[in-house]
Amino acid sequence: MKTFRIGGVHPPENKLSEKQAIEVLPLPEVATIPLSQHLGVPAVPVVKKGDSVKTGQLIAKGEAFISANIHSSVTGTVTKIDDVVDTSGYRKKAIIIKVEEDQWEEGIDTSDNIIKECNLSPEEIVEKVNEKGIVGMGGATFPSHVKLQVPKGKKADFLLINGVECEPCLTSDHRLMLEKAEQMMVGISIQMRALRVEEAIIGIENNKPDAIKHLRKLAENYKGVSVEPLKIKYPQGAEKQLIKALVNREVPSGKLPIEVGCVVHNVGTSLAVYEAVQKNKPLIDRVVTVTGKDLKKPSNFMVRIGTPALQLIDAAGGLPPNTGKVVNGGPMMGKALNDLESPIAKGTSGIIVFSDDESERVPMQNCIRCAKCISVCPMGLEPFFLGLISDKQRYEECEGNHIMDCMECGSCQYVCPSGRPLLDQVRIGKLNVGKMIRERG
Amino acid sequence: MNEVVLYSVLSIGGLGTLAAIILYFVAQRFKVIEDPRIDLVEEKLPAANCGGCGYAGCRNFAEGIVKSGSLDGFSCPPGGSDMMKDIAEVMGLEAEEKDPMIAVVRCSGSKQEAPPKTRFQGLNTCAFAHSLYAGQSGCPYGCLGEGDCVVSCSFDAMYMDENTNLPVIIDDKCVACGACVKACPRSIIEIRKKGKKDRRIFVSCINKEKGGIAKKSCKVACIGCSKCLKECKFEAIVVENNLAYIDFDKCTLCRKCVPVCPTNAIQEVNFPPKKNRKKEEEKSTEN
Amino acid sequence: MSLLTVSGSPHFHADSSVRKIMYGVLISLIPATLVSFYYFGLGAIIVTLTAVVSCLIFEFLIQKYMIKGPITIWDGSAIITGVLLAFNVPSNLPLWMVVVGSFVAIGMGKMTFGGLGKNPFNPALVGRVFMLISFPVEMTTWPKPEPLTTQIADVVTGPTALAFASFSPESIPSYQDMFIGNMAGSLGEISALALILGGIYMLVKRIITWHIPVSFIASVFVFTGIVWLVDPSANMDPVFHIITGGIMLGAIYMATDMVTSPMAPKGMLIFGVGCGVLTVVIRLWGAYPEGVSFAILIMNAFVPLIDRGFKPKRFGEEVKNG
């Protein structure tokens, strides 16, 4: 079975909500819609305090090239545009809307009919995706319209669809592949059209045999689309690793996937592209896995953007009394929440509730040079060494040892028997090296 | 036997002579002529290599002074003005009198005043904590309490107070080299005038958030109410971005601003405790 | 509810710890220990216990009274050092020498550098070499194996196979005996079979990788093979060389010590080959009949250099597409 070659780990999968069908979560009372839900420049609000907005209405415009539009996920009145605590506890601008009865913006098709026909030109597709504010749904939230345009002088050979979901615990992509496969397939063919590629490969890890079977059957009707089962290994969902696993091409250090003729999109993005292009629906909701060992009912919810995290946890059976940590995203790369009121954004793939003892880190000891971090690093770096020199503030040396290749997958810290905060140290190194590079200009 | 001794003496001696001659010519060829004053200036310097002057070390600082031929813009915080006078003598220049400075921690968000709302785990440096989250109290400007400043101090002039989880500067040891200012990822520490009789007044907060929000995370935050601004007759206080700042060059240490601050964000140091006692009495009677 | 914890990702941790690794190594040492108990009887048990207990005590004393830091004697590393030290000495060694060896191993070999993880040289080997140089006679007088003996003093002693090879090749035990461990020698080195079993256990448990043992043994085999082919009458064949002396013990347990070996696979291979070549050079042309300890210690000194020179292969370093 295919997989990437260097490094990788296999954490316990813990996919508790695997069998739970997607439920639609009721609307929140107040929706908090952050203006920076994507990688790049924050969007600029086009509504003001007191305006009433409809579901799907444009409320903030992404004006820079790498930015994305933001639409209202609810119907209601804008109560304020203010600083709100985001995932990391820092305050960022957000639009706060008091929710009233749901009323969709005109022109949006909310029916369940599947429209397969698409005759738009690639430029029109990109325009539509841009207009509807689609971003990468895997977690990196890179604006999709940028990724759907092939730069001049480059050619895309493959569209790779990421259905790997290599993060433990998360099941949102898995459920999407089972329940919205038909729509996703149309989305994939639209993306192929936009990129002018003949071949699309859907990579799915082998722990989702039902999804592989289901999509394989559907793929028979779509020309050029194939499904490739992959060996279970984290971080296979990382762009470079997925390309290596599926088509055996290695993206050079510091370059983008298009360099080797590949474009990677998440399955959730394909669905969003379908909805944007065929149904005129902007990105205002997404599937979020809510899970945790002590949670009464681990589930997958279809949630409007801007719903507070606490509402999801309540719907999944309430916050257990022994909660120690709540993580936004997967357990390997997610961010720990400072505040349970912080809203679901376009990139939130899961909310994971850890108990007290699970959230405790292992006590730190001396490095015993076991070399496990080296053997699991998917980028072939030396995490122990990078951590060491970053701690000593030898940032030039960090750069020379390719610290910027690190994608913060956390495999090194995950395996470290001495419980050393390797990724914490590497992050500081990356931060300072990044600063150094910017100063150099 | 004698022959062996002779030959070895001759060959080793010959080699030595040859090497000496080569070395002589090499030394002549690559001779570096240095101003002798550099060494003289360096002798006067404290040799702490703290970097407080902005140069990589004391030697570089000395070179800089000799090269420029004036003392403008050169200051050695640990040495102070006495030492600068000595250097001026060496250089044959006049030294201008400079006020002694000291580092000041502008955050009073102790565990009690700004109770923690989350628990931090991981690499125990402020740099990392700053990149990860806003801080335990939720104040994105406040002290993170991991002590990067204490680590950076090469004069043992700082320690972390375990009760408050804030750094404390020891007046007698601080030389105002500014290492802690650079080490703090939030720029909480400022180099200020030491003041007459070591008396200082400063706003112990750098939170630029609106009053209400700032108050939520910390009881002693500056809320930008401008009461102190109205009280000050010397225009020493500016309020910008919801934050008051006292200019230490203009401040006359009259202490009028201290009692009017509704959140006790303005701190006075080393003043006779008369007024303080009064205030405390008021507090205790209130309670 | 207590306060929410905030920390950087990852939020999972593998079920691994230093203690687990160390006790894994100890489990893998069981077969070799049992073989030594079987052939050398009570003497072996006493020497092993003495070494382990004194290592633990010295580590405790140093951590408690000199470093004044946390006490970590139960992380297993001191026990391993004790067992490996005992493996490297004859079973009739006076116990006070074992204690001195343990002190050198823990005190000089490990704690002076800052404890576990900081030592550049394998502590057990430091102790062993110290004893070899200080007490050469006692360290090279090996009792003959006598199953389940309880005699400690006045045992029948005899030379090791390697010593035989240099003066009377006809009295070398059969290869089968040597492989199982029925020969004179240090406690742990006699049975290649038991050591290989332990090595396989560690490989399966992923405590060690194959690189160092394989390159070590293979380079000894190849090098002695060449010498043997050049002059079969004066030299022993390569099979003899790899199953006698400390090669197996050294290659599987000493050279693979994580702390003192290189970290990248390429570096590990270089390290193994270096150990192998040095061992053979010392064996064939040096003053000592055995050279494994010296070879490994010498290569330990090169580890920082090897680590610097041989980095792991990076992703996206060479672009090969197709």
Side-chain angles (χ1 to χ4, degrees), chain A residues 6 9 11-12 89 168 240 244 248-253 255 260 319 321 323-327 331-338 340 352 354 356 359 361-362 365-372 374-375 377-382 384 402 405 408 410 413-419 421 423-424 427, chain C residues 1-22 24 69-70 72 75 77 113-120 206-209 211 256-265 267-268 303-304 307-308 310-322:
Chain A
I6 309 175
V9 290
K240 290 182 176 180
K244 181 75 187 166
N248 196 24
R249 293 183 182 185
E250 242 176 77
V251 182
S253 161
K255 295 280 168 51
V260 293
L319 202 64
T323 303
K325 191 195 276 183
V326 179
V327 170
M332 295 297 281
M333 288 185 82
K335 274 183 155 180
L337 285 180
N338 277 25
L340 295 180
I352 305 171
F354 286 89
D356 275 328
S359 50
R361 276 201 185 177
V362 227
Q365 278 171 288
N366 279 351
C367 169
I368 57 163
R369 297 173 41 90
C370 68
K372 285 211 158 56
I374 294 182
S375 69
C377 180
M379 298 310 286
L381 304 173
E382 295 169 291
F384 87 100
H402 309 280
D405 277 2
E408 307 185 11
Q413 196 171 325
Y414 169 78
V415 293
C416 182
S418 291
L423 185 53
D424 296 0
R427 278 206 182 102
Chain C
M1 196 185 81
S2 55
L3 296 176
L4 280 184
T5 304
V6 178
S7 65
S9 64
H11 306 287
F12 265 9
H13 192 266
D15 194 16
S16 68
S17 67
V18 172
R19 190 180 281 220
K20 259 195 187 144
I21 291 175
M22 294 301 169
T72 57
D75 66 6
S77 61
F113 295 100
L116 179 64
K118 304 274 176 78
N119 48 309
R206 300 205 179 168
I207 297 169
I208 59 171
T209 57
H211 303 84
T256 56
D257 172 26
M258 295 165 169
V259 180
T260 57
S261 62
M263 295 176 79
M268 289 183 189
V303 165
D307 266 347
R308 214 160 237 255
F310 299 92
K311 300 267 172 191
K313 191 191 171 297
R314 275 189 305 118
F315 185 95
E317 190 177 24
E318 300 158 37
V319 189
K320 269 183 275 162
N321 287 327

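Reminder, nothing fancy here: chain letters follow the sequence lines and each chain counts from 1. Everything numeric here is computed off the predicted structure, so don't read it as measured data.
Within the 4.5 angstrom heavy-atom criterion, only backbone atoms of Ser261(C) (N, CA, C, O) approach chain A. Of the two parts of Pro262(C), only the backbone, made up of N, CA, C and O, holds a non-hydrogen atom closer than 4.5 Å to a non-hydrogen atom of chain A. In this structure, the portions of Val326(A) lying under 4.5 Å from any heavy atom of chain C include both its backbone and its side chain. Residue Arg19(C) does not touch chain A at all, counting heavy-atom pairs closer than 4.5 Å. The parts of Leu116(C) that come within reach of chain A are both its backbone and its side chain, each placing non-hydrogen atoms under 4.5 angstrom from that chain. In this structure, chain A has heavy atoms under 4.5 Å from both the backbone and the side chain of Asp307(C). Contact annotation for Ile6(A): only side-chain heavy atoms (C-beta onward) come within less than 4.5 Å of a heavy atom of chain C.
The residue among Pro12(A), Cys377(A), Cys416(A) with the most heavy atom pairs within less than 4.5 Å of chain C is Cys416(A). For the set Thr5(C), Asp257(C), Ile21(C), the count of heavy-atom pairs under 4.5 angstrom toward chain A peaks at Thr5(C). The candidate from Gly334(A), Pro378(A), Ser375(A) with the greatest count of non-hydrogen atom pairs under 4.5 Å with chain C is Gly334(A).
A side chain to side chain donor-acceptor pair (under 3.5 Å) with Ser9(C) is found for exactly one of Lys335(A), Arg427(A), Gln413(A), namely Arg427(A). When the options Arg314(C), Lys311(C), Met263(C) are evaluated for a side chain to side chain contact (heavy atoms under 4.5 Å, CB included) with Glu382(A), the one that passes is Lys311(C).
Rounded to the nearest 0.5 angstrom, Asp75(C) CG and Ile368(A) CD1 are separated by 9.0 Å. Here the CD1 atom belonging to Ile352(A) is positioned 7.0 Å from the CZ atom belonging to Phe12(C), to the nearest 0.5 angstrom. Here the straight-line distance linking atom CG of Asn338(A) with atom CG of Leu3(C) works out to 11.5 Å at 0.5 Å rounding.
Across Gly316(C) and Glu250(A), no two heavy atoms sit closer than the pair N-OE1, 2.6 Å. When all heavy atoms are compared, the tightest approach of Leu337(A) to Leu4(C) is O-CD1, 3.9 Å. Nearest heavy atoms, Pro312(C) versus Gly380(A): CG-O, 3.7 Å. Listed here is the closest heavy atom pair of Asp405(A) and Phe315(C): OD2-O, 4.4 Å. The heavy-atom pair separating Gly410(A) from Pro10(C) by the smallest distance is O-CG, 3.4 Å.
Residues Pro417(A) and Met22(C) fail the side-chain proximity criterion, which asks for heavy atoms closer than 4.5 Å. For the pair Val303(C)/Arg369(A), a side-chain contact is recorded, criterion being any heavy-atom separation below 4.5 Å from C-beta on.
Between the side chains of Lys372(A) and Ser16(C), no donor-acceptor pair of N or O atoms lies under 3.5 Å.
Between Tyr414(A) and His13(C), the ring-plane angle classifies as tilted under the 30° and 60° cut-offs.
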